[in-house]
Amino acid sequence: MQGYNFAYLDEQTKRMIRRAILKAVAIPGHQIPFASREMPLPYGWGTGGIQVTAAILGEDDTLKVIDQGADDTTNAVSIRRFFARTAGVATTTRTADASIIQTRHRIPETPLTDSQIIVYQVPMPEPLYKLEPSKQAAKRRHALAEYGDMHVKLYEDIVRFGRVAVAYDHPVMVNQRYLMSPSPIPAYDNPKLHKMAALQLFGAGREKRIYALPPYTEVKSLDFENHPFHPVRADQKCALCGAQNSYLDEIVTDNSGGRMFACSDTDFCATNSGRAA
Amino acid sequence: MSVLLRARHLEQRFGRIVALDDVSLSLRRHEILAIVGESGSGKSTLLNVLAGFQQPDSGDVLYDSGDGPQPLATLGALTLRKLQRARWGFVHQDPRRALRLDITAGGNIGERLMAAGQRNYGQIRETAARWLEDVEIDPARIDDLPKTFSGGMLQRLQIAATLVTEPELVFMDEPTGGLDVSVQARILDLIRGLVKRLGLAVILVTHDIGVARLLADRLIVMRHGRIVETGLTDQVLDDPHHEYTQLLVSSVLPA
């Protein structure tokens, strides 16, 4: 596309972002500040993820973008087309064919390999923000690894609901050192973070933070010894492909209470049932 | 008895105001030391400096954690924080400052345990229930929010939440301030019992001579940031030497 640099951002900016990414990979789970740019989409729509993707995208890459697991939602379609036009890279909806996957709120069901990179869009990178409104104090706590309050929150959940009631964005300990927000992925996806073969990059545009999980990093969801972490999944099978081991969306089908459950990962569902996505 | 905490020549200024002026003191294991003085005499500043929340302009505080006295300033932020969270305790005058009012009584007591690495839900609850009983709160209220508690109960809850890690040194800043007399008496009784049972060393700041007389082994009288008199509690209170101490003792209303 004329008038734009490859992948929209100028080279100087990309270099700055890559430096932040390198630092982030060097200290797994630690948030690195970066000079987030204005992007041609609003905050909350993936400005962090899109900048990280722009910084690591090469001409030979194949890009897949998902939003809540789906390839065909507005956000996913727009970002995929954005890079198709500004970088001219190949795009795909097939998880296995992609070299870079940008995602919002999900990790694909198909296990990722060590030749892939997954980029998460993160609205709030600070896992402590609900407990500690001051960013300075939160940073101090990370420095001192002072995470006791996080367990107080889980304790309160068990007292009130009989179980840990965090359905998404369940905080994780990375490498037994840093507490990290996994971005608002469902708790069901948390186990996939652990020792994943692919490089995982997290970008928060409004909050101006980048963090990362290098391949095969130890990631543990917070829990109690006698109340172990339990990923929740609707006790149903997919109405389209029959899968019993995938994360399901509940879809309201009419005005009289009719509903169906279907895989949230559209590519997985299509592959499973032999349809084209 | 070995010295647990020692302060040497502490100085602290806030602009033109001298809050601490060459203050030195020592505290032995299992000893209760009261710091008395009028408002603005530097009591609370001294407490904050001793507890490591504030760096003095000059002088140092030494703490003996078992292998010889060490200046707090050389411990490093991480070690100091660990001390403050487990082996030390701090009881504030206003329990609402120390407690989290939006989480249950059990959660408040469990907080220090979880910060210290306790990860067993059942054990945390057991310990919390036992401590509620120790501070004379019905254990059935373990899942109630502190905002449903009375002032006296809140203070007792704060004491339980502080002592749950069985610290060896506790700082108390007017623990009975702002409570009515009958509730004060109960709390003093409770503190006295717990301190004896756990063998705590306590530094207690108060402006209430009665509280000092009831709890403290030794007494320090402060005025304008200086220590004007120090000695055994009954000795100082029954035979005050400094004119300010005399004034302080004589201004207690007869019961």
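A note on names: the letters A, B, ... follow the listed sequences, proteins ahead of strands, and every chain is numbered from 1.
Smallest separation of non-hydrogen atoms from B/V183 and B/G152: CG1-CA, 3.6 Å. Smallest separation of non-hydrogen atoms from A/I185 and A/D189: CD1-CB, 3.9 Å. Looking at every heavy atom in both residues, A/C263 comes nearest to A/C238 through N-SG, 3.3 Å. Here the shortest heavy-atom pairing between A/P171 and A/L179 reads CB-CD1, 4.1 Å.
Under the 4.5 Å side-chain criterion, counting only non-hydrogen atoms from C-beta, B/L157 is in contact with B/I137. Side-chain atoms of A/P108 and A/I66, non-hydrogen and from C-beta on, do get closer than 4.5 Å to each other.
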Please step through side chain to side chain contact (heavy atoms under 4.5 Å, CB included) for the pair A/L112 and A/M196, ending with a clear verdict. CA-CA 7 Å; A/L112 302 183; A/M196 188 194 275; 3.9 Å; yes

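There is no side-chain donor-acceptor pair under 3.5 Å between A/N175 and A/T217.
Interface remark: B/I124 contributes side-chain atoms only to the contact with chain A (heavy atom separation under 4.5 Å). Interface residue B/L145: only side-chain heavy atoms are found under 4.5 Å from chain A.
A distance of 9.0 Å separates CD in A/E207 from OH in A/Y129, rounded to the nearest 0.5 Å. Between the CZ atom in A/F229 and the CG atom in A/L154 there is a gap of 10.5 Å [rounded to 0.5 Å].
Across B/G106, B/G117, B/A116, B/A77, the residue that shares the most heavy-atom pairs under 4.5 angstrom with chain A is B/G106.
For the side chain to side chain contact (heavy atoms under 4.5 Å, CB included) test with B/F171, the passing option among B/V91, B/I203, B/V205 is B/I203; the others fail.
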Once you leave out hydrogens and angles, what donor-acceptor pairs under 3.5 Å do chain A and chain B share?
unit_1 : atom_1 : unit_2 : atom_2 : d
A/E146 : OE1    : B/R81  : NE     : 3.1
A/E146 : OE2    : B/R85  : NH1    : 3.2
A/D149 : OD2    : B/R100 : NH2    : 2.5
A/H151 : NE2    : B/R119 : NE     : 3.3
A/Y155 : OH     : B/R125 : NH1    : 3.2
A/E156 : OE1    : B/T104 : N      : 3.0
A/E156 : OE2    : B/T104 : N      : 3.2
A/E156 : OE2    : B/T104 : OG1    : 2.6
A/R160 : NH2    : B/D102 : O      : 3.2
A/E225 : N      : B/R119 : O      : 2.7
A/E225 : OE1    : B/N120 : ND2    : 3.2
A/N226 : OD1    : B/Y121 : N      : 2.9
A/N226 : ND2    : B/N120 : OD1    : 2.9

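Within residues 17-36 of chain A, no residue has any heavy atom under 4.5 Å from a heavy atom of chain B.
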